[in-house]
Structure formats: C-alpha cells, structure tokens
Amino acid sequence: MDALLTDPSVSHHASRLGRPRALEVVREVQRQARQGALPAAEVVTVVATRLAGLAGSPGPRPVLNATGVVVHTNLGRAPLSEAARAALADASGYADVELDLATGRRGRRGGSVVDALLRAVPEAEDALVVNNGAAGLLLATTALAAGRQVLVSRGELVEIGDGFRLPDLIESGGARLREVGTTNRTHLADYEHALAQGSGDGTTGTARSSIAALLKVHPSNFRVAGFTASVPVADLAMVAHRAGLPLVVDTGSGLLESDPMLTGEPDARTTLRDGAGLVTASADKLLGGPQAGLILGDVDLVARLRRHPMARALRVDKLTLAALEATLRDPAAAPVTVARRASAHELRARADALHRALVDHGLPCEVVEHDGRVGGGGAPEVPLPGWAIALPEGLAAPLRLGDPAVLARVHDGRCLVDPRCVPPAQDDVLAGAVLAAAGRAGDVGVKDAGHVPPTGGHPAP
Ligand SMILES: *Cc1c(COP(=O)(O)O)cnc(C)c1O
C-alpha cells in the first residue's frame, strides 16, 4: 500500500486528497483486484484516476466572475490583490502576531493593521478590526448601549441579506432600538423630541433604560425614492454632541475616502470629519480586502469596544490581519477597485478580442453594450458602462459546470459574458472555457448552441 501511495502517478493526488481518504480508495481498488474484478496490472492506473477525480481544491472552488457585478455576494465578495494573497501565504506559518521581535516581549495584536488604518483615515484617533461589518455594529451597540436605548431612524432598519436584519442583530447584544421618524422621512426634530422625552417610559435620563447612543445606518442595498428626508451626519452629530451621547454610523461599504464615481456613497473620512464618534464598515466590499469589520473613531469609544468581552469572540485571525494590511497599503490595486474603474473603451477592446477568438473557432456571438454594477451592498444604482459577449442562454449552465467554472449573467434570454471582473490575464482561459462549454452544450441538452437570439440592445457595429 505504501509503495502504491508513493508511486509518482499517485502521490501528488494522494497528498492533495489527504492520506486517510487516499488509503480508503487504495483499499477499495485492491479489494476489487483480489476479487478478480480488476487485473492487478491496472491497480496503479485506476487508483491514480480515482484519486485525481476526488482531489480537486478543498473548500470553495475558484470561479471566473463574468457577470459584471464587482462585489458579488455569492462569489465571496472581494477577490484579494496579488499583494494580499502573498501576505496571506507569508502569515500562514508561525508569525509575530503577538510578539515584538525587537524586545522579545508580548506585542500588540494587529498593531500594524491599526497603524495602516489610521494612515488611511487620519480623522480617526483609533481603530479596531473585527470579524465582519455585522460584528462591528454588534460590538459598538453592545459595548455602548447594552441594557439601554439606541436612537435610530425607522427608514434605516435594514435587512442585509439571507434573512438577517440589523435590528435583530443589535438587539441580540442587549441594546434596545428606539425608532424615530417614518419609513420615508425622518427629521432632526424627531431625534430631538426623543432625546427630550428621555427613556420614553417616564423614567429620567439617568435610568438604565435611558438613551445611550445615536445610530445612523447607510441603506446600502436599496434606495428610497420620492418624498424622502433623512438627517445628514453633521446635523445628527451636533444633536448627539449636545446630548453628550456618541453617534455611531454604519457606512456599510468600507469606502475610506470619498470617490467622485460613487457620489452618495458615504466614506469613513467624511463621516468622521462630520462628527461621528464611531464609523463601522465592511472590509470586503468597496475597500476590496478580506472579510473583516472596521471600527474607526474616537479613542475612548474604541477603547470601550476593545475592552468589552465580546471583542475577544469577534476578533480576526492572522490571515485576515495580513491580507487587510496588504490591501490598505495599496487600495487602488484591489481587484474590486480595478474592475469598478475599468473604462468602457478598455472593456470594449477585451470584448472584441474575446469575440474574435470565439468566432475564429466557429462560435457565432456578438458584442453588446452591458452595464456592470458595483453590487454587494454599495452604490446599488450606479451603472458601470461596459461591454459583454452575448451567447445563447443555454450556455450558462455548461459554463458554470466547466473547469474553471464561469458565472455569466442570464438576461433577456441570453447568456452575457462580461470581462469587467475577469482578470485580463485570464481572458484566454475565459475564451477556452466558453468554447469548451459550447462543445459540451450538446451533452447537457442545449439545442442551437451556435444560435444567438436577436439583441434588444445595441449591437456592436
Ligand atoms: C454589508 C453591510 C452590513 C453587514 O456587513 P458584513 O460585513 O456583511 O457583516 C451591515 N451594514 C451595512 C450598512 C452594510 O452595507
């Protein structure tokens, strides 16, 4: 058995699959050979083939994102930059996570990430990194307001996806929400009125049930249009300051500074400059880093959060610290930023090249205008002008099942392959995957794989 596992045609697959599982496969094949179901001479080949079939990458499989949706929730949100991937690998062994190599003493965990965050957001006095955006909000409201009330606008009680709702999350930590205003309109006077009322149950402001903080949540995945009103951070900060209470702002997308392409999307620097005490955000949306929650702001407030017992349960591991710091060193290199800023001109050239490669191999298709989206809970309505290849709808399934898997966008009876979020170095791989899918389309019952229905949009000249 050992000789079998060290055979060059077997060992690579066996080590990828793991020894215990590989041994099971070897035993099963040997049993078949002993029973005469398999010639002894074929055992090595059969073992190698079975192991190869089982030894794909463990965990989530890589997918080429051809949807044009930059922060795609179902595809793991932000892909990491080259530098962040390298940092992950470097940190994956023993690393000086809580050791100061200069003195040999215990070091500050995540200290260099906090330094990088404070360089990127000079308006923040201190920062803390937790497991994700939801954890940041939970920790902030629990540490500042457990057993007391948090004032929040009715229009900001958001469901963030997969059935999870921010109000439930916040109340699970012990803070109670005190809603003000209405779904579509909330005014400064609504907050002032609630503060003047105190706890709202007749007890005075010093009671346990009194208001402990003001919260503003950015409605990142929807827009309320029409007759609407909400209170800007600067005005809310003034009211909070007058009441001697902290203002926590959940900005959601993790934009650190304002971006002219994303007007209306709040950023950490402006929000803190406008007077927020704490900003919470995700690191794997518009910032383009690993899954993490960022908490930035007032030094005393951050200290209260850092000392709360829950902080220990929400802390991030060394891999996240490494990838986040690498992302912060060069935010413009984050793949989400590159994909979001890709010009329509550049995307047209890539779509044309892909089109040529497919037509040259006998697959008729066309180049069509296609707007990408930021997606994933940020700037939901901002179109990102670009181009895609239009293919028959029936190709979407074989593309998903191919190797590499490709996720295209199915829209209006067509399968649209948008190069925006595919790394340009993978364009050849993408063309190969489309051709392979078209070749396989017959096997999965797709008729007319070569026929493209007429376009409703703007065909390329
Ligand atoms: C995305 C989002 C969250 C949740 O963040 P996660 O990183 O997914 O936990 C919370 N609040 C807002 C406003 C968001 O946009």
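These numbers come from a predicted model, not from an experiment. Numbering of ligands and ligand atoms starts at 1, following listing order.
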Numbered atoms and elements of ligand 1 in range of [X], under 4.0 angstrom, heavy atoms:
X	value
H218	13 (C)
A134	4 (C), 5 (O), 6 (P), 9 (O)
S282	1 (C), 5 (O), 6 (P), 7 (O)

Exercise. At their closest point, which heavy atom of P290 faces which heavy atom of A323, and how far apart are they?
Worked result: CG-CB, 3.7 Å
Seminar exercise, completed: Heavy-atom closest pair (G297 atom, L272 atom, distance to 0.1 Å) is CA-CD2, 3.9 Å
Tell me whether ligand 1 is touched by [X] - counting only heavy atoms on the residue side and a distance under 4.0 Å.
X	result
L137	no
R77	yes
L166	yes

For this session: Output yes when the distance from some N or O of ligand 1 to some N or O of D284 is under 3.5 Å, and no in every other case.
Result: no
For this session: May I ask you to check if ligand 1 and S253 share an N or O to N or O distance below 3.5 Å?
Result: no
Whether [X] side chain and [Y] backbone form a donor-acceptor pair below 3.5 Å:
X	Y	value
T141	L137	yes
H355	C365	yes
D412	R414	no

For this session: Please test R329 against E325 for salt bridge (Lys or Arg N to Asp or Glu O under 4.0 Å), starting from the C-alpha separation and ending with a verdict.
Result: CA-CA 6 Å; R329 283 187 188 177; E325 187 170 343; 3.4 Å; yes
Problem set entry | Structural part of K285 in contact with ligand 1, heavy atom criterion under 4.0 angstrom | side chain
Problem set entry | Enclosure of R273 CZ (heavy-atom neighbours >12, cutoff 6.0 Å) | yes
